[in-house]
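To start, the structure under review is shown below, and the notes come after it.
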Amino acid sequence: MDDRKSIFITGAASGIGRETALLFARQDWRVGIFDIDPDGLNSLPSAIGPGKAILRIMDVTDPQSVRGAMETFAEATGGRMDILFNNAGALRMGPHENIPLELQQNMVDVNFKGVLNCIHLALPFLKNTPGSRIINMSSASAFYGIPELAVYSATKHALSALTEALDLELEPYGLTVCDLQAPYVQTPMILAAEKKAFSVGKMGVKLTPGQIAAAVWKAAHQRKLHWKLGGPAIHFLLFLFWAFPFSKRRLVKSLALAPKEKRP
């Protein structure tokens, strides 16, 4: 029986998910790659290598689609799931009133309800795999609500709370839960966005998908609840939040909201 470890990755067709799949495959893990993008998925197995990729089109917002993907993965791994990496995400930037309601709701459906779907349907496999983990792709916008990312930021706040609660609740099963809280990453979701928030220009887009994949690898092997990524700048900002809690609003406003005269 194949005793290689396995990871189930949502949003695997590009960006962070793709780089994570490649990294874990290089370490001889079985890699489950799931996404709504068939072209991106179909280009991955040849890069991953023979016998390592488990592939299926999957929509995280559809429980039946997730169930089918879980069953395909479990059949290939003998029911083993060492890591569930909830990476799929949706982002729309801009003034809240200018983002159509259906796009706001889609962010909630993908970023939060999609994670709920995946965790709920993966739990039987995770609970039966010793030392298993859930890793959630969160954001630095979970630290404080970010203008022009209001709904996205709200979903990441919710995801951090879910991470904390489930890490406690699932501990008796030997199952740990953590999240990665990163600022802007050089992914198609950010780089190809038609409208970019003021904070993108102010903070820059410095992290690469490869750097986040490396953090996923660390999170798979080390114990930490919230992985705060982004280097000294983010850690300095968090220090300021801690040392001067009354200044949070002012700091975020200076970083994420254009002066009145420059607003559209």
Side-chain angles (χ1 to χ4, degrees), residues 7 9-27 31 33-44 46-48 60 83 85-94 99 103 106-107 110-111 114-115 135-144 146-153 155-157 159-160 178-220 226-238 252 255-258:
I7 180 170
I9 304 172
T10 70
S14 65
I16 293 167
R18 187 180 185 91
E19 289 301 317
T20 300
L22 294 171
L23 173 59
F24 277 73
R26 289 196 296 270
Q27 301 299 325
V31 178
I33 49 176
F34 304 94
D35 204 298
I36 59 173
D37 173 14
D39 293 335
L41 280 185
N42 290 330
S43 68
L44 253 178
S46 59
I48 286 175
V60 296
I83 303 288
F85 180 34
N86 288 308
N87 170 66
L91 171 64
R92 297 294 185 278
M93 294 182 276
I99 300 175
L103 297 183
N106 177 252
M107 282 188 275
V110 175
N111 298 350
V115 173
I135 302 174
N136 297 320
M137 190 65 222
S138 187
S139 164
S141 67
F143 303 158
Y144 193 96
I146 305 298
E148 298 185 311
L149 280 78
V151 175
Y152 179 83
S153 186
T155 64
K156 297 305 182 179
H157 274 262
L159 186 57
S160 287
C178 70
D179 63 14
L180 308 180
Q181 299 175 332
Y184 294 116
V185 183
Q186 297 168 19
T187 65
M189 187 171 72
I190 299 294
L191 300 178
E194 293 182 10
K195 167 67 179 177
K196 290 183 172 61
F198 177 78
S199 54
V200 173
K202 190 78 170 180
M203 297 178 64
V205 185
K206 298 175 182 178
L207 287 173
T208 67
Q211 288 174 305
I212 304 301
V216 177
W217 179 258
K218 286 184 179 179
H226 297 302
W227 292 80
K228 294 173 170 54
L229 311 177
I234 288 295
H235 286 91
F236 181 64
L237 179 63
L238 289 171
V252 171
L255 287 171
L257 198 60

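We're numbering straight along the sequence, starting at 1.
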Side-chain donor-acceptor pairs under 3.5 Å in residues 35-43, sequence neighbours left out?
residue, atom, partner, partner atom, Å
D35, OD1, D37, N, 3.0
D35, OD2, A12, N, 3.2
D35, OD2, A13, N, 3.0
D37, OD1, D39, N, 3.2
D37, OD1, G40, N, 3.3
D37, OD2, G40, N, 3.4
N42, ND2, P38, O, 3.0
S43, OG, R18, NH1, 3.1
S43, OG, R18, NH2, 3.2
S43, OG, G40, O, 2.8

inquiry  = Tell me every residue that passes ring pair (Phe, Tyr, Trp, His ring centres under 6.0 Å) with F34, counting only those two or more places apart in sequence or in another chain.
reply    = F8
query = What residues, two or more places apart in sequence or in another chain, satisfy side chain to side chain contact (heavy atoms under 4.5 Å, CB included) together with Q211?
reply = L207, T208
request  = Write down the atom of S141, the atom of I146, and the distance for their closest heavy-atom approach.
outcome  = CB-CG1, 3.6 Å
Closest contact, heavy atoms only, H226 versus D179 = ND1-OD1, 2.7 Å
message = On a heavy-atom basis, which atom in S160 and which in Q181 lie closest, and how many Å separate them?
response = OG-NE2, 3.1 Å
task = Output all residues satisfying side-chain hydrogen bond (donor to acceptor under 3.5 Å, both in side chains) with T187, sequence neighbours left out; order by chain, then residue number.
result = none
query = Stepwise, does the side-chain contact (heavy atoms from CB on, under 4.5 Å) test hold for N86 with I135?
reply = CA-CA 6 Å; N86 288 308; I135 302 174; over 6 Å; no
inquiry  = Working to the nearest 0.5 angstrom, can you tell me the gap between T20 OG1 and I212 CD1?
reply    = 8.5 Å
ask   = Looking at residues at least two apart in the chain, or sitting in another chain, which of them share a side-chain hydrogen bond (donor to acceptor under 3.5 Å, both in side chains) with N87?
value = none
message = Going by the rule ring pair (Phe, Tyr, Trp, His ring centres under 6.0 Å), which residues pair with F24 if we only count those two or more places apart in sequence or in a different chain?
response = W29, W217
inquiry  = For the CG atom of L180 and the CH2 atom of W227, what is their distance to the nearest 0.5 Å?
reply    = 8.5 Å
query = Do any N or O atoms from the side chain of K156 and from the backbone of M137 form a donor-acceptor pair under 3.5 angstrom?
reply = yes
ask   = What heavy-atom pair brings N111 and G89 nearest, and what distance separates the two atoms?
value = OD1-CA, 3.2 Å
query = Are any of the side-chain heavy atoms of F85 and I16 separated by less than 4.5 Å?
reply = yes
inquiry  = Tell me every residue that passes side-chain hydrogen bond (donor to acceptor under 3.5 Å, both in side chains) with T10, counting only those two or more places apart in sequence or in another chain.
reply    = none
request  = With the side chain counted from C-beta on, respond yes when K228 and F143 share a heavy-atom pair under 4.5 Å apart, and no when they do not.
outcome  = yes
request  = Could you check if a side-chain atom of V110 sits within less than 4.5 angstrom of a side-chain atom of V60, using non-hydrogen atoms only?
outcome  = yes
query = Got a second to check how far N106's CG is from L91's CG, nearest 0.5 Å?
reply = 11.0 Å
request  = Heavy atoms only: give me the nearest P183-L229 pair and the separation to one decimal.
outcome  = CD-O, 3.2 Å
request  = Apply side-chain hydrogen bond (donor to acceptor under 3.5 Å, both in side chains) to S153 and list each qualifying residue two or more places apart in sequence or on a separate chain.
outcome  = none
ask   = Can you name the nearest heavy-atom pair linking R92 to I99, along with the distance?
value = O-CD1, 3.6 Å
request  = Please step through side-chain contact (heavy atoms from CB on, under 4.5 Å) for the pair V216 and L23, ending with a clear verdict.
outcome  = CA-CA 10 Å; V216 177; L23 173 59; over 6 Å; no
inquiry  = For A150, give me all partners under side chain to side chain contact (heavy atoms under 4.5 Å, CB included), at least two apart in sequence or on another chain.
reply    = H96
